[in-house]
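Structure record follows, encoded as structure tokens.
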Amino acid sequence: MRYDLIIFDNDGVLVDSEPISNRILAGYLTELGHPTTYEESLRDFMGGSVQRVRDMVREKSGRALPTDFEAGFHTRVFAEFRRRLQAVPGVEAVLEKLAADGVPYCVGSSGSHERIRVALTKTGLFERFGAERVFSSQDVARGKPAPDLFLHAAKEMGVAPGRCAVVEDSPLGVRAAVAAGMDVYGFTAMTPAAKLREAGATALFSDMAELPQLVR
């Protein structure tokens, strides 16, 4: 293997959560007086942290979101996750293959630790990682597209950045991985290939079954 560590984004890569969370986010922002469509939510917020949502809304409107915005958003999202969230097709086989080959892997997600745990538990993936291999934007000062999260994950896992590969589905995440000095494989299920390529993806793929061969 070319890599000593594979870092997976969570939303949209391990779990098929982006349609759920972005529809809820668009609706909630609209309720709060910041009209947002589903497409705009994907464009502006996919791959970013809740703090990014706060910052962009303030920058655009000049008004801050309520102090309880995170709590309200997560209550809605977690309820939907527990009802109908599913793993990305084929990702379990990818994790099994990496484990069989002895290649370490972990999660590097913009979501909170609670969000990651809820999502991975609902889809049966949490036991494949465990808390010690889950890293969140809560763990660092700056979220994606800054490299901090991926560098933190690599350090905690004891692997040099240049020996890491990142699996991402958003331009923000791709840019973060590139800034960290890591190769990044862009998953095009939710994002046009051209946007991931423009952000600096090393290679692109549309089916999880392709990933093991790409990172060999």
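Start at 1 with the first residue, then count along the sequence.
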Is there side-chain contact between [X] and [Y], with heavy atoms separated by less than 4.5 Å?
X	Y	answer
Arg128	Leu125	yes
Val15	Val91	no
Phe129	Leu95	yes
Pro212	Val94	yes
Asp4	Cys164	no
Thr36	Asp44	no

Same cluster (ILVMFWY, side-chain, under 4.5 Å), Val88 and Ile6
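Looking at the clustering, Ile6 is in the same group as Val88.
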Counting only N and O atoms by type, is there a donor-acceptor contact under 3.5 Å from the side chain of [X] to the main-chain atoms of [Y]?
X	Y	answer
Glu156	Ala153	no
His74	Glu70	yes
Arg115	Gly111	no
Asp139	Ser136	yes
Arg54	Ala64	no

Closest heavy-atom pair and its distance - [X], [Y]:
X	Y	result
Gly173	Lys144	CA-CD, 3.9 Å
Pro145	Arg52	CD-NH1, 4.4 Å
Ser137	Ser110	OG-O, 2.6 Å
Arg142	Pro147	NH2-CD, 4.1 Å
Ala180	Pro161	O-CB, 3.5 Å
Leu14	Val107	CD1-CG2, 3.7 Å

Before accepting this row, confirm whether a basic side-chain N of the pair Arg76/Glu31 lies closer than 4.0 Å to the acidic partner's carboxylate O.
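Salt bridge: yes.
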Rounded distance [0.5 Å steps], [atom1] in [X] versus [atom2] in [Y]:
X	Y	atom1	atom2	value
Met46	Ser170	CE	OG	6.0 Å
Thr188	Lys195	OG1	NZ	13.5 Å
Ile7	Met157	CD1	CE	8.5 Å
Lys122	Leu85	NZ	CG	6.5 Å
Leu214	Arg2	CG	CZ	8.0 Å
Glu96	Leu98	CD	CG	10.5 Å

Starting from the C-alpha separation in whole Å, work towards a yes-or-no answer on side-chain hydrogen bond (donor to acceptor under 3.5 Å, both in side chains) for Asp11 and Ser17.
CA-CA 5 Å; Asp11 294 296; Ser17 55; 2.5 Å; yes
Tell me, yes or no, whether the heavy-atom count around [X] atom [atom1], taken from other residues, nucleotides or ligands under 6.0 Å, exceeds 12.
X	atom1	answer
Glu198	CD	no
Glu132	CD	yes
Glu80	CD	yes
Arg58	CZ	no

Classify the ring geometry of [X] against [Y]: parallel below 30°, tilted from 30° to 60°, perpendicular beyond 60°.
X	Y	answer
Phe81	Phe78	tilted
Phe69	Tyr28	parallel
Tyr3	Tyr185	perpendicular

My understanding is that only one of Asp169, Leu172, Val167, Val184 makes a side chain to side chain contact (heavy atoms under 4.5 Å, CB included) with Asp9; could you say which?
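Option passing the side chain to side chain contact (heavy atoms under 4.5 Å, CB included) with Asp9: Asp169.
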Hey, mind stepping through Val174 and Arg197 against side chain to side chain contact (heavy atoms under 4.5 Å, CB included) and telling me if it holds?
CA-CA 9 Å; Val174 170; Arg197 186 181 298 110; over 6 Å; no
Run the ring-ring contact (aromatic ring centres under 6.0 Å, His included) check on Phe150 and Phe135 step by step: do they pass?
CA-CA 8 Å; Phe150 291 138; Phe135 305 101; over 10 Å; no
